[in-house]
Every structure is written in structure tokens, then in C-alpha cells.
Amino acid sequence: MAGLLEAIDYLLKRFFASAELRAYESLCLDGWKGVLSAEAVAILDRQLRLPNRRVQRGFAGKVVVSYCLGDPDCEKLPPETRFLLQSETSITFASIVIRGKGPHKGPHSLKANILLSDGIFGALVFDRKPHTVFDYPKGVKRDEIEVIEVRVLIDPMCPEALATQPIPDSSALLGWVREWAETRQARDLRTPLSAGARERILQNLDARLPDDYLDVIAQTEGLRMGACQVRGLSEIPTVPEPEATFYILADIDDRGGVGVAQGGTDAELYYLDNDDEPRAVGTSVRAVIEKELTRRAEEGAE
């Protein structure tokens, strides 16, 4: 049965995916190219010209995923086709803002986050559905659109851009973060990103983050306690849902993720899993993690 499902999935991707980006999607990548080094532009062009490259769109074009047909994770690509910074996590490297111009200029702009994984361009994630900006997204022409902002968060040609070092133990932490980590035997502690990198990433997140999450990432680029992981700032994935897009700040093994909604101004956290609608769970990452760890401890004692 698994083989049959894989075959069906392959056929759907082969015959219903597209090999071409739409004009506004291509313009976003061109805007990014304008601030990349010549070497990085050459690598991106190699990726975009791969004969087996395909794109698929979801959520009415809000998400555009790029992959290699027959090798969806692009594992077989040679080193010269990858950017030098290769993170296993799919993260945002840049954001581009575009809008219609002339008679096509409307009240809204369209922001695209550019995501890479393992040194490969993986997706564009827009902040709104393109049809809310362009009357006919599929037919909009390049001369009807303009780039109004390009923001670089991470240089894909700088392997050290996200470099961190292991923190030997929680004694290097301060305040409640240290107390929390010690009582829960935290592991995977790493030095935080540079102040400049943190500022760039935070400015690009269109949401208010909980104060206690900011306390954590100021001292360690993420940590794990039992079945719970607080993600580092560089590891925050963008997860589109039908009605909203979320930034995942923490994961709970076998259950789902906890994050804030794009555009949120109140730091409200939402619990997301595969079986239910997102539900609000307060404004404290610390409280959510504590509750989950306590629940698991009580279940283990029964």
C-alpha cells in the first residue's frame, strides 16, 4: 500500500506540478539576486535551471514549494549546486516586498519569505494570498509589478552566519532561565546568535513574541527538556494554515508545535497538531512547556 501511495504522489507531482514560476514569484527571486554575490547568484541559477525542478502551490498560492522530481529532498545534487550555508532546518534567508505599479497598484503589498534547506532554495511563503493583491495572479506581468523592499537576514554563502558553540552546562544561564533549565535538566544548550543576527530575524517576524521566549533566545539558541524543545531563533519554521500562518517557537514530541500567528500583536500562543484546529494556549512558552512536562511526569508515575 505504501508503494502505491508513493506512486500516486509521484504521478500527481509529475503531471500537476509546474516547471515555471509565475512573474511575481520570479521577481521575488530576482530581487534577492540583486543583493547576492555573483557566486551566490550563479548557484541559485543552477538550482532554478535543473531539468527536474518543479514547483507546487498551496493555500491559493500563498506557499510555493520547489523540489526535484524523483529526488524531492534534492539529496542527489552535487556540492556546487548548493549554497555554502547548509542548515537541515528550512529557514528564512531573505524577505522581499512587491506590489503592483501604475494602474495595477492596489492598497496592499505582498511579502515573500525565501526559505532554504540544506543549501537549496525550497520555498516562497507569502504573507497573504496573492489574489488579494493581484486580480489575476497567474496572468500578472513583470512590468506590472515592482520590488519595494529587499531584506537580507542570513548570507547563504557565509557558513559562520549561524555559528554557535555548545554551552557546557546551565550554570552559564541567568535568572529564571537558569533555574528552569536546572530543575528540568536542559540539554542542547548553545550560545545565542550574534546581536545583529537576532535583530534581523526578529524584525522580519511579523508578530509579537512572548517575553519569556525572548528571555530564552537571549541566552541560548534553543534548548531541549525531555520531550519538549524550545527552538532557537534561527530554527523557527513558517507554517501556513488555511486561515493563518504561524511561527513555531517550540515542539512537543509526538504532539505538535506551539507558535504565534503572523500579524499577531498580543503574543498569544497557539497549539498546532495534525488532527485539530489551532487553539490558543496563553502567552507564556514557559507555562506551556511546564504543563506538558508535568503532565508527562504524572502519567509516567501512574
Engineer: Does K138 NZ have over 12 foreign heavy atoms under 6.0 Å away?
Structural biologist: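 Counting other residues, nucleotides and ligands, NZ of K138 stays at 12 neighbours or fewer.
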Engineer: Ignoring hydrogens and geometry, is there a side-chain-to-backbone donor-acceptor pair from Q185 to M225 under 3.5 Å?
Structural biologist: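 Answer holds: no.
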Engineer: Check for me whether the distance between the ring centres of Y270 and Y247 falls short of 6.0 Å.
Structural biologist: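 So the answer is no for these two rings.
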Engineer: Would you say E149 has more than 12 foreign heavy atoms packed within less than 6.0 Å of its CD?
Structural biologist: yes
Engineer: Donor-acceptor check, side chain of R53 to backbone of A19, threshold 3.5 angstrom: yes or no?
Structural biologist: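 Between the backbone of A19 and the side chain of R53 there is a qualifying donor-acceptor contact (under 3.5 Å).
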Engineer: Any luck finding a side-chain donor-acceptor pair between K76 and N52 under 3.5 Å?
Structural biologist: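 Looking only at side-chain atoms, N52 and K76 do not form any donor-acceptor pair under 3.5 Å.
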Engineer: Do other residues, nucleotides or ligands put more than 12 heavy atoms under 6.0 Å from D169 CG?
Structural biologist: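 Yes, the 6.0 Å shell around CG holds more than 12 heavy atoms from other groups.
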Engineer: Report yes or no: does T89 contribute a side-chain atom to a donor-acceptor pair with the main-chain N or O of I91 at less than 3.5 Å?
Structural biologist: no
Engineer: Any donor and acceptor pair, going by atom type alone, linking the side chain of E292 with main-chain N or O of I252 inside 3.5 Å?
Structural biologist: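 Checking the backbone N and O of I252 against the side chain of E292, no donor-acceptor pair under 3.5 Å is found.
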Engineer: Give a yes or no answer on whether the side chain of E182 reaches the backbone of E179 with a donor-acceptor pair at less than 3.5 Å.
Structural biologist: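 Such a contact is absent between E182 side chain and E179 backbone.
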Engineer: With a 3.5 Å distance limit and no angle check, can you tell me whether E298 reaches the backbone of R295 through a side-chain donor-acceptor pair?
Structural biologist: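 Not a single qualifying donor-acceptor pair exists.
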Engineer: Looking at E290 and R184, is any side-chain nitrogen of the basic one under 4.0 Å from a carboxylate oxygen of the acidic one?
Structural biologist: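 Yes.
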Engineer: Within a strict 4.5 Å, meaning less than it, do heavy atoms of the T92 and I114 side chains meet?
Structural biologist: no
Engineer: Would you check if the side chain of E25 reaches a backbone N or O of L124 as a donor-acceptor pair within less than 3.5 Å?
Structural biologist: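 Such a contact is absent between E25 side chain and L124 backbone.
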Engineer: Atom CD of residue position E80 - does it have more than 12 heavy atoms of other residues, nucleotides or ligands inside 6.0 Å?
Structural biologist: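 Yes, enclosed.
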Engineer: Would a hydrophobic clustering, with Ile, Leu, Val, Met, Phe, Trp and Tyr connected at side-chain separations under 4.5 Å, put V55 with L77?
Structural biologist: no
Engineer: Does any N or O in the side chain of D188 come within less than 3.5 Å of the main-chain N or O of L223, such that one atom is a donor and the other an acceptor?
Structural biologist: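 Looks like no, no N/O pair under 3.5 Å.
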